[in-house]
Amino acid sequence: MVGILARHLALSLGKNKVLRDVSLTVEAGKSLVLMGQSGVGKSVLMRALLGLLPRDNGVVELGNFITTPDSVLPPVDFFQQTGVVFQSYALFDSLRVWENVAFRIKGSDRLRRERAARLLHQVELSDATLDLYPNTLSGGMKRRVSIARSIALSPKFLFFDEPTEGLDPILSHTISALIRKVITQLQATAITISHDIHSATHIGDHVALLHDGVLAWQGKSNELHRTTHPIMRRFIECSTGL
């Protein structure tokens, strides 16, 4: 069963043809890691899949939701089933941690706060963080809070944009394992953008490499280090220093 499907996706920003012909399939309940050099258009592709950017061509299927260039934005029901962790966290500075996590949860403040506490426990944060403000948190804690918010409605689809960016290797491994855990627990269909080879093998069932507007390589994550594909091989060597 298909969770996310894109066929012949093309998208331009001004005169720059960012995506030329991108086709990908993520089976329902599976996790894909999208890799590529900085500036190649990974975040653009994620936003195109979410319907946040207009595209020149291509069909996107997100479960039962189908969009075309003429009807880019999915219905509200789709976003109620979707969680997104942006690279910049996108936390609300004026809201406390529990209010950020419970932003889309309906009900009384007491029930929302209790639900937020349970979600924070899922990402291994204690009740001591509930009433803190984002500007008092470390980078790793902000990532955990943003992950907790993304899973608040038990989504069917999860999108993560560079979730380990700027983290030290130990914390990067911890966040990668956490993301894998929540994907598995929710049985969600997930796409993660990353340039980190080690994170990719932890988070993804499959990996795809975006290069020059197309997916130059796609395969299972356990095939990553065995591939002889020249573009993927060069990316791995540059990323790992081998």
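Only this structure's heavy atoms are used, side chains among them; waters, hydrogens and symmetry mates stay out.
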Do Y133 and M141 land in one hydrophobic cluster if side-chain heavy atoms of ILVMFWY residues count as linked below 4.5 Å?
no
So among V22, L53, N16, N57, which one has a side chain to side chain contact (heavy atoms under 4.5 Å, CB included) with L11?
L53
Is it the case that atom CD in Q218 sees more than 12 heavy atoms from other parts of the structure closer than 6.0 Å?
yes
Passes side-chain contact (heavy atoms from CB on, under 4.5 Å), V101 versus V145? Steps please.
CA-CA 7 Å; V101 173; V145 172; 3.9 Å; yes
When hydrophobic residues are tied together by side-chain contacts of less than 4.5 Å, even through go-betweens, does L153 share a cluster with L95?
no
Would you check if the side chain of S146 reaches a backbone N or O of Y89 as a donor-acceptor pair within less than 3.5 Å?
no
Side chains of S43 and D161: donor-acceptor distance under 3.5 Å anywhere?
yes
Stepwise side-chain hydrogen bond (donor to acceptor under 3.5 Å, both in side chains) test for S12 and D56
CA-CA 7 Å; S12 300; D56 306 330; 2.7 Å; yes
With rounding to the nearest 0.5 Å, note down the distance linking OG in S176 to CG in D196.
6.0 Å
Give the minimum heavy-atom separation between P134 and N100, together with the two atoms involved.
CG-ND2, 3.8 Å
Rounded at 0.5 Å granularity, tell me how far CG in D212 sits from CG in D21.
11.5 Å
Classify the ring geometry of H173 against H202: parallel below 30°, tilted from 30° to 60°, perpendicular beyond 60°.
perpendicular
Non-hydrogen side-chain atoms of K42 and Q37 separated by less than 4.5 Å:
no
How long is the gap from CD1 on I203 to NE2 on H198, to the nearest 0.5 Å?
13.0 Å
Under 3.5 Å, side chain of K156 to main-chain N/O of T82, donor-acceptor pair present?
no
Would you say CD of Q187 has more than 12 non-hydrogen atoms from neighbouring residues, nucleotides or ligands within 6.0 angstrom?
no
Is there a path from F103 to F79 through hydrophobic residues (I, L, V, M, F, W, Y) whose side chains come within less than 4.5 Å of each other?
no
Rounded to the nearest 0.5 Å, what's the gap from CG on L62 to CG on L5? Could you check?
9.0 Å
Where the side chain of R47 meets the backbone of L52, is there a donor-acceptor pair that is under 3.5 Å apart?
no
Can you see which heavy atom on V40 is nearest to which on L210, and at what distance?
CG2-O, 3.5 Å
Show, in sequence, the C-alpha distance, side-chain angles and deciding distance for T174 and L167, and conclude whether the side-chain contact (heavy atoms from CB on, under 4.5 Å) test is met.
CA-CA 10 Å; T174 300; L167 303 181; over 6 Å; no
Single-linkage hydrophobic cluster, 4.5 Å side-chain cutoff, L111 and L130 together:
no
At their closest point, which heavy atom of R104 faces which heavy atom of G83, and how far apart are they?
NH2-CA, 4.3 Å
With a 4.5 Å heavy-atom cut-off, do L34 and T192 have their side chains touching?
no
Can E124 and K181 be counted as an ion pair, charged N to O under 4.0 angstrom?
yes
Test side-chain hydrogen bond (donor to acceptor under 3.5 Å, both in side chains) applied to T201 and N222, step by step:
CA-CA 7 Å; T201 56; N222 60 12; over 6 Å; no
Derivation and outcome, side-chain hydrogen bond (donor to acceptor under 3.5 Å, both in side chains), residues T67 and R55
CA-CA 11 Å; T67 64; R55 53 185 187 265; 2.8 Å; yes
If you draw a 6.0 Å radius around NZ in K17, do more than 12 non-hydrogen atoms from other residues or ligands fall strictly inside?
yes
Measure the shortest side-chain to side-chain distance between W98 and R115 over non-hydrogen atoms and say whether it is less than 4.5 angstrom.
no
Does R143 reach the main-chain N or O of S172 with its side chain, forming a donor-acceptor pair under 3.5 Å?
no
Taking every heavy atom of G140 against every heavy atom of L171, the minimum-distance pair comes out as CA-CD2, 3.7 Å
With heavy-atom distances below 4.5 Å as the criterion, would you say the side chains of R113 and D131 are in contact?
yes
How close do L49 and A6 get, heavy atom to heavy atom, and via which atoms?
CD2-CB, 3.9 Å
Distance check, rounded to the nearest 0.5 Å: F235 atom CZ versus W217 atom CH2?
11.5 Å
Evaluate whether atom CZ of R234 has more than 12 neighbouring non-hydrogen atoms of other residues, nucleotides or ligands under 6.0 angstrom away.
no
Determine whether Q185 and I151 satisfy the following criterion, side-chain contact (heavy atoms from CB on, under 4.5 Å), listing intermediate values before the conclusion.
CA-CA 10 Å; Q185 286 176 340; I151 63 174; 6.0 Å; no
Measure from the side-chain N and O atoms of R7 to the backbone N and O of V60, and report whether any donor-acceptor pair falls under 3.5 Å.
no
Once rounded to the nearest 0.5 Å, what's the spacing between atom CZ of R180 and atom OG of S199?
13.0 Å
Spell out, as yes or no, whether a donor-acceptor pair under 3.5 Å connects the side chain of E223 to the backbone of K220.
yes
Before giving the answer on side-chain contact (heavy atoms from CB on, under 4.5 Å), spell out for L120 and T129 the whole-Å C-alpha distance, their side-chain angles and the decisive distance to 0.1 Å.
CA-CA 8 Å; L120 289 168; T129 61; 3.8 Å; yes
So, for I193 and P163, which heavy atoms are closest and what is the spacing to 0.1 Å?
O-CD, 3.4 Å
Got L119 and I105 here, is their nearest side-chain heavy-atom distance under 4.5 Å?
yes
Below 4.5 Å, heavy atoms only, C-beta onward: do K30 and I183 meet side chain to side chain?
no
Common cluster, I231/M35, ILVMFWY with side-chain heavy-atom separation under 4.5 Å
yes
